[in-house]
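Heads up: the structure comes next, in structure tokens.
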Amino acid sequence: MSISTPGGPERRPTVVSTGKKPAAGRPASGAKAGTGKPAGTPRAGGSGKGPRKPVSPVKVSQGRAWGPIALFVTVGVLAAGIIGYGAWASFQGSKPWDKKANAIEGIVNIRKTDKTSLEYESHKSGPLTYKYSPPVGGVHNAAWQNCMGDVYDAPIANEHAVHSLEHGAVWITYRPDLPKDQVDKLAGKVRGVEKMLMSPYEGLDKPISLQAWGYQLKLDNADDKRIDEFIKDLRVNASVEGPTALCNTGVTATGTTPRDLQQQPPTQ
């Protein structure tokens, strides 16, 4: 490219020699042989160096995010626990009532240990002798004690109470000197509940004794959770005559002497 100056002749650019000559067969500096292109221009697809590629940033590991992992593990453990408990509860609920009753700590299963004491051929009048105190089954009077959630404040006749057990009732007995708050707690489990009755009982070797036909559980305290288990598992279920056996129209009088009614008592 020529440079012109005003008012002067055209001048050629001054060429400065480096004193070096290109080697034979090599193009002059600044061009590639046979191309006429500057040496710095790479061919498409060629191996010439192009613009430098951007350097990717180096990622620095920050370690595991333990917070979310711990949360997921906790949720998983809770879910497994809930599912496991549900399966266990379902299994427990599917067990026969007598299996559940036998699992109650301290319960005495007279049906298993002394079955013959529960046998009888017919109803009998008058006072009867029982092997267990309070009795849990066996021969009894023709009339049953009313067991529609009745709470008796005085002793009742064994002979009538045993007939109530035959009908599927749970009979709660307690020492007459049991503190009032304890008596009230027991009464709260009985009052108004069909196939339940309650009365004081002289001579108990424990403050509280629960009876169903062929089963007995003696306890020290009305707060014992086994009381609810006993009622849940044995009320109605322990009936010898089935769930339709009556608990109303029975004897409602207190006293330890059997009330042999002048008219024919209801029987079932």
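Residue numbers start at 1 and run along the sequence shown.
Note on I104: it does not cluster hydrophobically with V108, by side-chain heavy-atom contacts below 4.5 Å among ILVMFWY residues. Note on Y132 and L217: separate hydrophobic clusters, where clusters join Ile, Leu, Val, Met, Phe, Trp and Tyr whose side-chain heavy atoms are under 4.5 Å apart, directly or indirectly. Two different hydrophobic clusters hold V240 and V236 under the rule that ILVMFWY side chains link at heavy-atom gaps under 4.5 Å. A chain of hydrophobic side-chain contacts below 4.5 Å, direct or via other Ile, Leu, Val, Met, Phe, Trp or Tyr residues, connects V190 to L219. Criterion: ILVMFWY side-chain heavy atoms under 4.5 Å apart, direct or through other members. Under it, Y130 and L197 are part of a common hydrophobic cluster.
Formation of a donor-acceptor pair under 3.5 Å by the R191 side chain with backbone atoms of G149 is not found in this model. A donor-acceptor pair under 3.5 Å is formed between the side chain of H167 and the backbone N or O of L246. Although no hydrogens or angles enter the test, the distance criterion places no donor-acceptor pair under 3.5 Å between the side chain of N141 and the main chain of D260. Panel note: side chain E166, backbone V139; no donor-acceptor pair is recorded below 3.5 Å. No donor-acceptor distance shorter than 3.5 angstrom exists from the side chain of R175 to the backbone of P200, with no hydrogens or angles considered. H163 places no side-chain N or O within 3.5 Å of a backbone atom of H140 that could act as its donor or acceptor partner. Panel note: side chain W213, backbone L118; no donor-acceptor pair is recorded below 3.5 Å. In this structure, the side chain of Q216 engages the main chain of P134 through a donor-acceptor pair within 3.5 Å. In this structure, Y215 contributes its side chain and A238 its backbone to no donor-acceptor pair below 3.5 Å.
Taking both residues in full, the closest heavy atoms of L165 and P135 are given as CD1-O, 3.7 Å, listed atom of the first, atom of the second, then distance. Minimum interatomic distance between T249 and W144 (heavy atoms only, all atoms of both residues): OG1-CZ2, 3.5 Å. Closest heavy-atom contact between D223 and K185: OD1-NZ, 2.6 Å. Closest approach of I227 and A222 over heavy atoms only: CD1-O, 3.6 Å. Contact record, I107 with A101: CG2-O, 3.4 Å, taken as the closest heavy-atom pair.
Between P207 and Q182, the closest side-chain pair of non-hydrogen atoms is not below 4.5 Å.
For the atom pair CD of E229 and CG of D224, the computed distance is 8.5 Å after rounding to the nearest 0.5 Å. Atom-to-atom distance recorded for M148:CE and E194:CD is 4.0 Å, nearest 0.5 angstrom. For the atom pair CH2 of W97 and CG of L234, the computed distance is 6.0 Å after rounding to the nearest 0.5 Å. Distance CG/N102 to NZ/K99: 7.0 Å, rounded to 0.5 Å.
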ask   = Does the pair T254 and S199 meet the rule for a side-chain contact (heavy atoms from CB on, under 4.5 Å), with working shown?
value = CA-CA 9 Å; T254 58; S199 66; over 6 Å; no
side-chain contact (heavy atoms from CB on, under 4.5 Å) assessment of I110 paired with T116 = CA-CA 9 Å; I110 289 93; T116 57; over 6 Å; no
request  = Given side-chain contact (heavy atoms from CB on, under 4.5 Å), test D150 with M196 step by step and report yes or no.
outcome  = CA-CA 7 Å; D150 296 85; M196 292 287 297; over 6 Å; no
ask   = Does the side-chain contact (heavy atoms from CB on, under 4.5 Å) test come out yes or no for I208 and K218, once each step is laid out?
value = CA-CA 6 Å; I208 300 168; K218 295 187 176 183; over 6 Å; no
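In this structure K180 satisfies the side-chain hydrogen bond (donor to acceptor under 3.5 Å, both in side chains) test together with D184, sequence neighbours excluded.
Q211 and S209 are linked by a side-chain donor-acceptor pair at a separation below 3.5 angstrom, with hydrogens and angles left out of the test.
Sorted by first then second residue, the salt bridge (charged side-chain N to carboxylate O under 4.0 Å, His left out) pairs that include residues 111-135, not counting sequence neighbours, are D114-K131.
For the side chain to side chain contact (heavy atoms under 4.5 Å, CB included) test with L178, the passing option among L204, L186, T173 is L186; the others fail.
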Please list every donor-acceptor pair under 3.5 Å in which a side-chain atom of residues 151-162 meets a protein atom from a residue at least two apart or in another chain.
residue, atom, partner, partner atom, Å
Y152, OH, N146, O, 2.8
N158, OD1, Y201, OH, 3.3
N158, ND2, Y201, OH, 3.3
E159, OE2, L128, N, 2.7
H160, ND1, A143, O, 2.9
H160, NE2, R259, N, 2.8

